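What you see is a predicted model, and the numbers here were worked out from it, not measured in a lab. Indexing begins at 1, ligand by ligand and atom by atom, following the structure's order.
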Amino acid sequence: MNASTAGSSGLIVVAGGGYAGLHVALRLTAKLRNHPQMSLTLVDRHDYHQAITELPRVAGGTRAADAVRIPLQDTLAAHVRFVQTEITGFDLADRRLLTGAGPIGWWRLVLALGSRPNDFAIPGLAQRALSLYSASDAERVWGAVSKALTAAAAGTDPERQRRLATVVVGGGGATGVELAGELAETLPKVASAHGLAADRPAVQLVEAGPTILAGSSPQLIGKAARILSDLGVAVRTNATIAAATEEGFRLKDGQLVEGGVFVWAGGVKAPEVVADSALPTGHNGRVKVDQYLRVLDHPEIYAAGDIASVVDPRTGHVLSPLAQVALEEGETVARNLGAELSGRPLEAFTFHDKGFVVSVGTRRGVADIAGITTGGHLAHLLKDAIEWEYRQSVKHLRGWDPIAG
Ligand SMILES: Cc1cc2nc3c(=O)[nH]c(=O)nc-3n(C[C@H](O)[C@H](O)[C@H](O)COP(=O)(O)OP(=O)(O)OC[C@H]3O[C@@H](n4cnc5c(N)ncnc54)[C@H](O)[C@@H]3O)c2cc1C
């Protein structure tokens with residue numbers, strides 16, 4: 001599709017069809033019913049929305065990658081224009097998104113391009129470690145694990161087998177914990193299927209800080225650590241990775257963490273296209289916004305999701321890059337665009353924290369909800385329920401559009 005546009009006065013363009021962008025588009029669709037002069041365009045490099053929160057399951061081999069790719073065409077109403085292309089920059093003066101399919105003009109732009117892995121310039125990390133931020137990344141992790149187990153099974157030296165069948169995960173945040181738990185639970189069974197003794201695979205979780213799941217309650221951290229230990233995950237805290245080499249992760253204290261597969265889950269930063277723009281950015285390159293989620297000095301651009309640096313006025317801290325934050329911000333942006341169209345005042349964004357749930361393995365998890373900490377099967381069921389509810393909400397919002405095609 002040629003993306004070039006003759007005029008942009010009635011155009012709302014959403015850049016990115018992830019948690020934030022898709023929800024802006026879905027919620028805005030119905031609001032535009034009474035504004036036929038307005039049109040809505042969603043731009044993404046993929047023709048599918050990714051359920052990123054489910055990636056640890058794909059990387060652990062318990063879910064197919066295609067199951068977390070939700071086709072955007074099935075999700076968007078027929079009159080929402082979808083352009084599949086790479087966004088390469090912004091022409092802020094002329095209000096145009098620069099893309100591989102040509103420039104796309106906007107009256108209002110919603111920036112929802114998410115984030116990308118942050119390797120903190122650790123030497124060798126980008127080359128040596130896999131990342132986990134897309135369905136394709138997750139497929140690559142699972143492919144590398146299968147290959148390493150096959151190689152281990154072909155050997156006879158138990159030490160070499162153990163090293164090849166060890167997965168080292170860098171970063172003990174929620175992503176690292178979920179991945180480590182998932183793999184620790186599935187690897188013994190998969191090893192047996194490869195003809196490898198079930199005690200050969202191992203999972204190591206390496207965290208630079210003093211604790212995994214930093215920022216969570218001590219109770220939640222304790223419960224997660226117990227489940228990981230029960231699953232046989234070796235957790236190393238206060239272990240800063242200084243370099244990634246052919247042999248493994250070299251720690252700051254000189255120790256070498258060996259393995260057959262290395263995954264980096266140590267943090268995220270804003271996409272390159274934002275770093276290269278003149279947009280105002282803060283910590284980790286995220287775009288600074290006002291209380292209405294409009295980019296500072298650019299009231300015609302909203303930002304939502306990981307890309308936005310949103311300060312929670314109650315704590316004074318920038319909100320974490322989380323799907324639940326992205327969804328709430330997406331709702332506010334859709335409401336504020338609707339308010340602009342109807343001449344109503346804009347609404348300040350307030351984050352309503354629904355709690356924190358992390359799966360640890362295929363059957364257990366930990367959760368902090370309304371000040372109550374739980375660990376075990378219930379927390380895992382909760383995580384399943386959240387993922388199910390999310391998928392239902394996408395379907396419901398499409399159905400909710402009275403003129404969906
Ligand atoms: C493995 C993992 C597990 C997670 N689990 C949880 C969890 O359990 N709970 C939770 O709350 N959060 C979780 N998160 C965080 C959550 O996934 C993110 O906060 C969320 O995806 C942010 O939504 P977003 O809309 O900002 O970005 P995304 O969902 O990443 O969407 C960004 C979109 O922009 C598109 N895009 C980016 N750049 C370009 C470009 N240049 N051109 C065209 N298109 C582009 C991408 O294709 C993508 O569709 C997890 C993250 C990871 C990595």
Side chains of residues 203-212: which donor-acceptor pairs under 3.5 Å do they make with residues two or more places apart or in other chains?
| from | atom 1 | to | atom 2 | distance (Å) |
| --- | --- | --- | --- | --- |
| Q204 | OE1 | R236 | NE | 3.4 |
| E207 | OE1 | G172 | N | 2.7 |
| E207 | OE2 | G209 | N | 2.7 |

Handout entry: Atom pair CD (E54) and NZ (K383), whose distance is rounded to the nearest 0.5 Å
Key = 8.5 Å
Completion exercise
Contact set, ligand 1, heavy-atom distance under 4.0 Å, ordered by chain/number, equals G16, G17, G18, Y19, A20, D44, R45, H46, I52, T53, P56, T85, E86, I87, A112, L113, G114, L132, Y133, T175, G305, D306, P321, L322, A323, Q324, A326, K383
Handout entry: Donor on one side chain, acceptor on other, T88 and E86, under 3.5 Å
Key = no
Handout entry: Any F90 side-chain heavy atom under 4.5 Å of L111 side chain
Key = yes
Exercise for the section: Would you mind reporting whether P280 and H298 have side-chain heavy atoms less than 4.5 Å apart? Expected result: yes
Handout entry: Pairwise side-chain contact, R45 with Q84, heavy-atom cut-off 4.5 Å (strictly under)
Key = no
